[in-house]
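Working notes, structure below.
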2 protein chains.
Amino acid sequence: MTAIIEFQERKLGSRCCEGVAQPQLDPAAAQRLSDDLQILGHPVRLQILDILAQHAGQVCVCDLEAALPVKQPTVSHHLKLLRSAGLIDSERHGQWAYYFIRRDSLAELRTRVSQWLNVLG
Amino acid sequence: MTAIIEFQERKLGSRCCEGVAQPQLDPAAAQRLSDDLQILGHPVRLQILDILAQHAGQVCVCDLEAALPVKQPTVSHHLKLLRSAGLIDSERHGQWAYYFIRRDSLAELRTRVSQWLNVLG
DNA sequence: AGAGTATATTGACAACCTTCGATGTACCTG
DNA sequence: CAGGTACATCGAAGGTTGTCAATATACTCT
């Protein structure tokens with residue numbers, strides 16, 4: 001209720017929308033950040049990343065299936081999304097596919113997100 | 001390609017899925033974080049927050065409409081989502097609605113996201 | 001009161017996302 | 001080779017999200 005009284009108030013009755021406000025974030029950057037945030041914005045994907053971070057390189061799909069509240073095709077689907085986003089990768093050993101986090105990509109994503117959170121705050 | 005050779009390899013032929021892997025993140029925390037990330041995961045909402053961060057308390061809906069690539073009902077829609085998430089609030093002055101960021105809620109969100117990014121990395 | 005402006009809400013539509021059964025592929029073991 | 005296991009892919013169903021024209025609400029000024 002006191003949020004704007006410290007600013008000079010816009011003259012009432014004057015036309016608004018003078019085009020003063022412009023985002024610092026250009027549309028491309030906004031899209032990129034939004035993609036980053038969206039790939040993280042699902043509980044199953046968050047938990048997958050969490051597990052992979054703890055057991056790097058030793059996690060196969062059926063481990064994930066056992067730890068998560070979704071069936072195998074769904075696990076594979078989310079793994080595919082995370083891989084397309086560059087956040088994880090896998091190696092096949094025999095019949096198992098071992099998944100692991102790509103620390104480099106994840107670090108870049110973290111930098112982008114952190115920077116934005118700082119700009120905002 | 002060298003990701004797993006530094007770990008003791010699971011004995012081939014043995015049964016997998018021994019239930020070893022468990023997320024640190026409980027389902028409720030995963031859901032919460034996911035909600036946080038999802039509300040941020042849209043370019044228009046990112047740009048709204050960006051503009052509000054720069055012009056706190058002096059931004060009305062038509063300013064946003066002028067700065068964004070969507071029409072007024074869509075702007076109002078995203079504002080409503082951001083308000084439901086507790087990230088922004090508004091004050092009416094005459095016919096204008098001035099929106100502003102709720103720094104406290106945003107700070108809490110940032111803490112949750114940052115902490116998770118750190119745990120992960 | 002009446003005309004005009006700013007914003008919110010409604011309702012409809014399209015696009016997208018999530019999920020899972022069914023099926024396909026690859027590999028290992030006997 | 002046959003049977004079993006791990007994983008990927010397909011396709012369908014259902015849910016959610018984003019968008020906007022139309023409309024409603026509320027305020028301002030004459």
Side-chain angles (χ1 to χ4, degrees), chain A residues 9-19 21 27 30-31 34-35 37-48 58-85 88-100, chain B residues 9-19 21 27 30-31 34-35 37-48 58-85 88-100:
Chain A
E9 219 171 298
R10 195 198 301 268
K11 183 169 167 293
L12 293 180
S14 67
R15 200 76 186 63
C16 78
C17 312
E18 285 138 7
Q31 186 61 57
S34 158
D35 290 346
L37 293 162
Q38 233 168 286
I39 191 72
L40 298 179
H42 190 288
V44 168
R45 290 195 290 273
L46 287 179
Q47 290 181 97
I48 288 176
Q58 293 200 112
V59 187
C60 63
V61 177
C62 58
D63 286 322
L64 293 170
E65 187 185 359
L68 297 171
V70 291
K71 303 283 185 186
Q72 179 265 319
T74 305
V75 174
S76 280
H77 172 67
H78 287 296
L79 287 170
K80 190 177 186 179
L81 292 180
L82 288 167
R83 168 146 45 187
S84 310
I88 65 175
D89 206 346
S90 69
E91 263 178 63
R92 232 181 205 275
H93 273 235
Q95 32 187 350
W96 291 279
Y98 294 93
Y99 278 84
F100 52 92
Chain B
E9 217 169 301
R10 195 198 301 265
K11 184 168 167 293
L12 294 179
S14 69
R15 201 72 188 65
C16 77
C17 313
E18 286 140 6
Q31 186 61 57
S34 159
D35 289 345
L37 294 162
Q38 233 169 299
I39 191 71
L40 298 179
H42 190 288
V44 167
R45 290 193 291 272
L46 287 178
Q47 290 182 95
I48 288 175
Q58 295 200 112
V59 187
C60 64
V61 177
C62 58
D63 286 323
L64 293 170
E65 186 185 0
L68 296 170
V70 291
K71 304 284 186 186
Q72 178 264 319
T74 306
V75 174
S76 280
H77 172 65
H78 288 295
L79 287 171
K80 190 176 186 178
L81 293 179
L82 287 168
R83 167 148 41 188
S84 309
I88 66 175
D89 207 344
S90 68
E91 262 178 64
R92 231 177 206 275
H93 273 234
Q95 32 188 350
W96 290 280
Y98 294 93
Y99 279 83
F100 53 91

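The chains referred to below are lettered A, B, ... by the order of the sequence lines, with proteins before strands, and numbering in each begins at 1.
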Can you tell me the distance, in whole Å, between the [atom1] atom of [X] and the [atom2] atom of [N]?
X: Tyr98(B); N: dA8(C); atom1: OH; atom2: P; answer: 13 Å
X: Ile88(B); N: dT7(C); atom1: CD1; atom2: C1'; answer: 13 Å
X: Leu40(B); N: dT17(D); atom1: CG; atom2: C1'; answer: 16 Å
X: Gln47(B); N: dG18(D); atom1: CD; atom2: C1'; answer: 15 Å
X: Leu79(A); N: dT9(D); atom1: CG; atom2: P; answer: 11 Å
X: Leu68(A); N: dC7(D); atom1: CG; atom2: P; answer: 13 Å
X: Glu65(B); N: dA6(C); atom1: CD; atom2: P; answer: 10 Å

Which word best sums up how the rings of His78(A) and His42(A) line up, parallel for under 30°, tilted for 30 to 60°, or perpendicular for over 60°?
tilted
Gln72(B) and Ser76(B), any side-chain heavy atoms less than 4.5 Å apart:
yes
Detail all sub-3.5 Å separations between protein N/O atoms and N/O atoms belonging to nucleotides 25-27 of chain D.
none

Report the distance from atom [atom1] of [X] to atom [atom2] of [Y], rounding to the nearest 0.5 Å.
X: Tyr99(B); Y: Asp63(B); atom1: OH; atom2: CG; result: 12.5 Å
X: Ser84(A); Y: Leu79(A); atom1: OG; atom2: CG; result: 10.5 Å
X: Leu82(A); Y: Asp89(A); atom1: CG; atom2: CG; result: 11.5 Å

Protein within reach of the bases, or only the backbone? For nucleotides 15-22 of chain C, mark each nucleotide 5' to 3' as B, S or -, using heavy atoms under 4.0 Å.
---SBBBB
Please report the shortest heavy-atom distance between [X] and [Y], naming the atom on each side.
X: Gln47(A); Y: Ala30(B); answer: CG-CB, 3.9 Å
X: His93(A); Y: Glu91(A); answer: NE2-OE1, 3.1 Å
X: Tyr98(B); Y: Gln58(B); answer: CD2-C, 3.8 Å
X: Gln31(A); Y: Pro43(B); answer: OE1-CG, 3.4 Å

Can you tell me if Tyr99(B) touches the phosphate of dA8(C), counting only side-chain N or O atoms and a distance under 4.0 Å to OP1 or OP2?
yes
Using a cut-off of less than 4.0 Å, is there contact between a side-chain N or O of Lys80(A) and OP1 or OP2 of dA8(D)?
no
What's the angle between the local helix axes at either end of the helix from dA1(C)-dT30(D) to dG30(C)-dC1(D), using five pairs per end and rounding to 10 degrees?
20°
Treating Arg45(A) as the side-chain partner and Ile39(A) as the backbone partner, does any N or O pair qualify as donor plus acceptor under 3.5 Å?
yes
Identified side-chain contact (heavy atoms from CB on, under 4.5 Å) partner of Ile48(B) from the options Leu81(B), Leu68(B), Val59(B)
Leu68(B)
